[in-house]
Visitor: 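Encoded as structure tokens, here's the structure I'll be asking about.
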Amino acid sequence: VTPVKVLGIVGSLREGSFNRFALQNAIDLAPEGVQITAAGIGDIPPYNSDVEAQGRPESVVRLREAIAEADAVLFATPEYNYSIPGVLKNAIDWASRGQDQPFNGKAVAIMGASMGMFGTARAQYHLRQVLVFLNAFPINRPEVMIARAQDKFDAEGKLTDETARKLIVQLLEGLRDWAIKLR
Ligand SMILES: Cc1cc2nc3c(=O)[nH]c(=O)nc-3n(C[C@H](O)[C@H](O)[C@H](O)COP(=O)(O)O)c2cc1C
């Protein structure tokens, strides 16, 4: 069977990001039939429709193509002020434009790591609201919310929390099965 191609999008740009680590752990834990690659959103400019009218920036074209070519998208996002980070919203906004916007009908999974007690719960629900308008189809369960992330990764970025590791595997299995159903 052809593996389900998953595009990972991280909502943090910093090198030592717990969410970047979480995505890397997902890549390492990927079950049978799941192939994950990471997208870059660090070079996407602030959204401006005047700029868009002159042609989409190369970084945006690349992101849109990567989403379109993937069977599914996996978000790994921190929570900023009870919502998703501006850089992630900005990348989604750029990608969302036009009749051919690539999130339409796409299988999605969400996970997140934050230093707070609620592990990105509020950000994840904001992201789900955004996905409604994009007509993307996020799986409901499991919810992977890595709270107090500073205690859950080792110095190399390995996720040491067994529960979180199991949930990530379940999330990827669920996403794989969902993406196959939507094919
Ligand atoms: C602007 C800003 C707002 C934040 N707001 C929240 C928040 O609402 N909830 C939370 O749990 N952590 C919050 N944090 C702390 C983040 O969880 C922490 O910085 C985390 O490491 C960010 O994810 P990253 O490691 O992937 O960059 C905030 C951090 C920043 C920089």
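In listed order, ligands and their atoms are each counted from 1.
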Visitor: For Ile67, what are the other residues in its hydrophobic cluster, where any two members join if their side-chain heavy atoms are less than 4.5 angstrom apart?
Guide: Leu7, Ile9, Leu13, Ile41, Ile44, Tyr47, Val51, Val60, Leu63, Val73, Phe75, Ile84, Val87, Leu88, Ile92, Trp94, Phe103, Val108, Ile110, Leu127, Val130, Leu131, Leu134
Visitor: Is it the case that ligand 1 has an N or O less than 3.5 angstrom from some N or O of Gly116?
Guide: yes
Visitor: Looking only at distances, can you tell me whether any N or O atom of Phe18, backbone or side chain, sits closer than 3.5 Å to an N or O atom of ligand 1?
Guide: yes
Visitor: So does Glu52 have more than 12 non-hydrogen atoms from other groups sitting under 6.0 Å from CD?
Guide: yes
Visitor: Can you find an N or O of Ser114 that's nearer than 3.5 Å to an N or O of ligand 1?
Guide: yes
Visitor: Give me the residue, atom name and distance of the protein heavy atom closest to atom 22 (C) of ligand 1.
Guide: Pro78 CB, 3.6 Å
Visitor: What protein heavy atom sits nearest atom 6 (C) of ligand 1, and how far away is it?
Guide: Glu79 O, 3.0 Å
Visitor: For atom 8 (O) of ligand 1, which protein heavy atom lies nearest, and how many Å away is it?
Guide: Tyr82 N, 2.9 Å
Visitor: Which atoms from ligand 1 have a heavy atom of Arg14 less than 4.0 Å away?
Guide: 21 (O), 24 (P), 25 (O), 27 (O)
Visitor: Check ligand 1 against Asn19 and write out every atom of the ligand that is under 4.0 Å from a heavy-atom position of the residue.
Guide: 23 (O), 24 (P), 26 (O)
Visitor: Side chains of Asp28 and Gln24: is there a donor and an acceptor less than 3.5 Å apart?
Guide: yes
Visitor: Please confirm whether Met115 comes within less than 3.5 Å of ligand 1 when only nitrogen or oxygen atoms on both sides are compared.
Guide: yes
Visitor: Give a yes or no on whether a salt bridge exists between Asp161 and Arg165, defined as a side-chain N under 4.0 angstrom from a carboxylate O.
Guide: no
Visitor: At what distance is the nearest protein heavy atom to atom 26 (O) of ligand 1, and which residue and atom is it?
Guide: Ser17 OG, 2.6 Å
